[in-house]
Amino acid sequence: MELHQVRYFLAVASTLNFTRAAEHCNVTQPALTKGVQKLEQELGGQLIYRERQLTQLTDLGKEVLPMLERTLVSAEAVRRRAQEFQSKEIAQLKIGLAPSISASLVLDPIAEILKVVPGLHVELREDATQKLIDLLLEGEINAAMVGDVQDVPARIDDWSLFKERYVAVLAPAHQLANRTSIGIDDLRETILLERVGCDITPKIQRSYFPDQPMHLGHCSGHDLHLQHMAAAGFGVILAPEHMPRLPTLKAIPLEGDPVLREVRLLAVQGRCYSPALDAFVKCARLRDWSLVLRASGRARESGGVRAAIGNPRPSSPGAPRKSRSATPRQVTTGAAEWQGPA
């Protein structure tokens with residue numbers, strides 16, 4: 001079955017006139033008739049009944065008409081999409097986020113990229129850190145933002161963006177809500193809400209509960225679900241400082257900041273960056289991430305909770321953790337050099 005045959009049949013079905021259908025398709029009438037006949041042979045039955053001045057669809061023609069219409073529409077959509085891609089009217093950017101890495105971290109960089117890549121189409125995907133590394137290597141995503149990560153493959157570029165602490169997130173009616181900070185002993189007596197797949201859970205276990213299991217209550221794989229449960233008084237969430245939260249919740253520092261994690265950007269080494277990916281990497285590495293934590297600190301202070309944002313201070317963007325020789329596609333780090341994608 002060829003698309004021009006489908007187009008000829010649809011033209012006849014629309015006009016019920018071979019002459020007008022041929023004019024519509026800009027072909028001769030014999031060529032159109034031959035195309036329809038080949039389609040009938042392939043489908044194994046007559047599609048159009050023609051007798052003198054009477055042209056009608058057969059029962060088979062009526063049956064396949066809507067399916068052939070969808071076929072032609074789909075084919076034309078594929079062609080348009082390919083043309084848009086080749087002309088760079090659509091720029092795909094697929095970003096992976098590890099659990100407890102909020103999408104809020106990528107919104108400002110994406111907004112900056114949209115100024116220079118108006119056809120940007122972003123897809124966000126959440127998965128475990130090791131799964132995201134696999135997706136990077138397989139080409140299913142272009143970049144990933146993760147927390148603490150070990151054993152990064154040699155093919156992965158790995159940049160540190162900033163460090164942040166974890167805070168306790170709870171309802172204002174919770175018995176610990178009036179504290180200026182929460183200690184280890186308090187947490188050992190508190191029901192914690194579990195974030196399924198959270199990459200920081202082992203560190204929390206080592207820091208707070210080295211000799212006993214955590215007192216876990218309800219769990220979910222989604223932060224918003226946990227926040228609603230915390231707002232209902234079901235327990236306390238240990239969440240990264242940058243994480244947006246419901247206005248009905250409070251965030252309180254942990255004594256001594258025993259749980260710190262580093263947010264990192266990953267991309268595959270040696271691959272040719274698209275303009276969208278090149279812009280995202282530059283934006284992410286050159287951004288002043290301390291503003292994110294300061295904003296979250298101001299939100300806490302407005303709720304009546306004191307928080308010191310200056311310690312720890314996010315680290316400046318730097319070179320990948322693994323020392324490598326520069327390649328033509330590697331990004332530069334000077335802020336003055338960020339002009340948008342080449």
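Between A284 and L265, the shortest heavy-atom contact is CB-CD2, 3.9 Å. Across every non-hydrogen atom of P172 and T248, the tightest pair is CD-O, 2.9 Å. Here the closest heavy-atom approach between residue I156 and residue L266 is recorded as CG2-CB, 3.9 Å. The nearest pair of heavy atoms linking P109 to R287 is CD-NH1, 4.1 Å. The two atoms that bring H242 and S100 nearest to each other are CE1-O, 3.5 Å, heavy atoms only. The two residues A98 and V146 make their nearest non-hydrogen contact at CB-CA, 3.8 Å.
For H174 (side chain) and L176 (main-chain N/O), a donor-acceptor pair under 3.5 Å exists by modelled atom type. With hydrogens and angles ignored, the 3.5 Å screen pairs a side-chain donor or acceptor of T58 with a backbone N or O of L47. The backbone N or O of K163 sits nowhere less than 3.5 Å from a side-chain atom of W289 that would complete a donor-acceptor pair.
Atom CG of residue L226 and atom CZ of residue R245 lie 14.5 Å apart, to the nearest 0.5 angstrom. Rounding to the nearest 0.5 Å gives a distance of 8.5 Å between CG of L105 and CG of L161. We find the OG1-NE2 distance between T15 and H24 to be 8.5 Å, quoted to the nearest 0.5 Å. Between L57 atom CG and Q46 atom CD the span is 10.5 Å, to the nearest 0.5 Å. Of the inter-residue distances, the one linking L43 atom CG with L68 atom CG reads 6.5 Å to the nearest 0.5 angstrom. Of the inter-residue distances, the one linking R155 atom CZ with L137 atom CG reads 5.0 Å to the nearest 0.5 angstrom.
Under the 4.5 Å side-chain criterion, counting only non-hydrogen atoms from C-beta, N17 is not in contact with T55. In this structure, the side chains of L187 and L238 come closer than 4.5 Å at one or more pairs of heavy atoms. Using a 4.5 Å heavy-atom threshold, the side chains of V36 and L39 count as separate. I141 has its side chain out of reach of D127: every pair of non-hydrogen atoms, C-beta onward, lies at least 4.5 Å apart. T129 is not listed as a side-chain neighbour of R264, based on a closest heavy-atom distance of 4.5 Å or more. With a 4.5 Å cut-off on side-chain heavy atoms, F280 and V122 do not count as touching.
With hydrophobic clusters built from ILVMFWY side chains whose heavy atoms lie under 4.5 angstrom apart, V73 does not share a cluster with M67. M145 and L107 are members of different hydrophobic clusters when ILVMFWY side chains are connected at heavy-atom separations under 4.5 Å. Linking Ile, Leu, Val, Met, Phe, Trp and Tyr residues whenever their side-chain heavy atoms come within less than 4.5 Å places L124 and V281 in a single cluster. Tracing side-chain contacts under 4.5 Å through hydrophobic residues (I, L, V, M, F, W, Y), one never reaches L60 starting from L16; they form parts of separate clusters.
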Please list every donor-acceptor pair under 3.5 Å in which a side-chain atom of residues 2-10 meets a protein atom from a residue at least two apart or in another chain.
unit_1 : atom_1 : unit_2 : atom_2 : d
E2     : OE1    : H4     : ND1    : 3.2
Q5     : OE1    : E2     : N      : 3.3

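No more than 12 heavy-atom neighbours from other residues, nucleotides or ligands sit within 6.0 angstrom of CD on E63.
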Checking side-chain contact (heavy atoms from CB on, under 4.5 Å) for the pair V149/I133: CA distance, chi angles, key distance, verdict?
-> CA-CA 10 Å; V149 57; I133 290 175; 4.1 Å; yes
Residues N142, S274; criterion side-chain contact (heavy atoms from CB on, under 4.5 Å); working and verdict = CA-CA 9 Å; N142 307 119; S274 68; 5.8 Å; no
Go through the steps to decide whether L93 and I113 satisfy the test side-chain contact (heavy atoms from CB on, under 4.5 Å), and finish with yes or no.
-> CA-CA 11 Å; L93 180 60; I113 299 171; 4.3 Å; yes
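Electrostatic pairing of E76 and R79 does not count as a salt bridge here, judged by no charged N lying under 4.0 Å from a carboxylate O. Look at R50 and E40 and you find no salt bridge, because none of the NZ, NE, NH1 or NH2 atoms lies under 4.0 Å from a carboxylate O.
Shown are L246, D223, I237; of these, the side chain to side chain contact (heavy atoms under 4.5 Å, CB included) with V169 is made only by I237. Of the residues listed (Q227, H228, R195, H225), the one engaging S220 in a side-chain hydrogen bond (donor to acceptor under 3.5 Å, both in side chains) is H225, and it is the only one.
Among residues two or more places apart in sequence or in another chain, the salt bridge (Lys or Arg N to Asp or Glu O under 4.0 Å) test is passed with D185 by R188.
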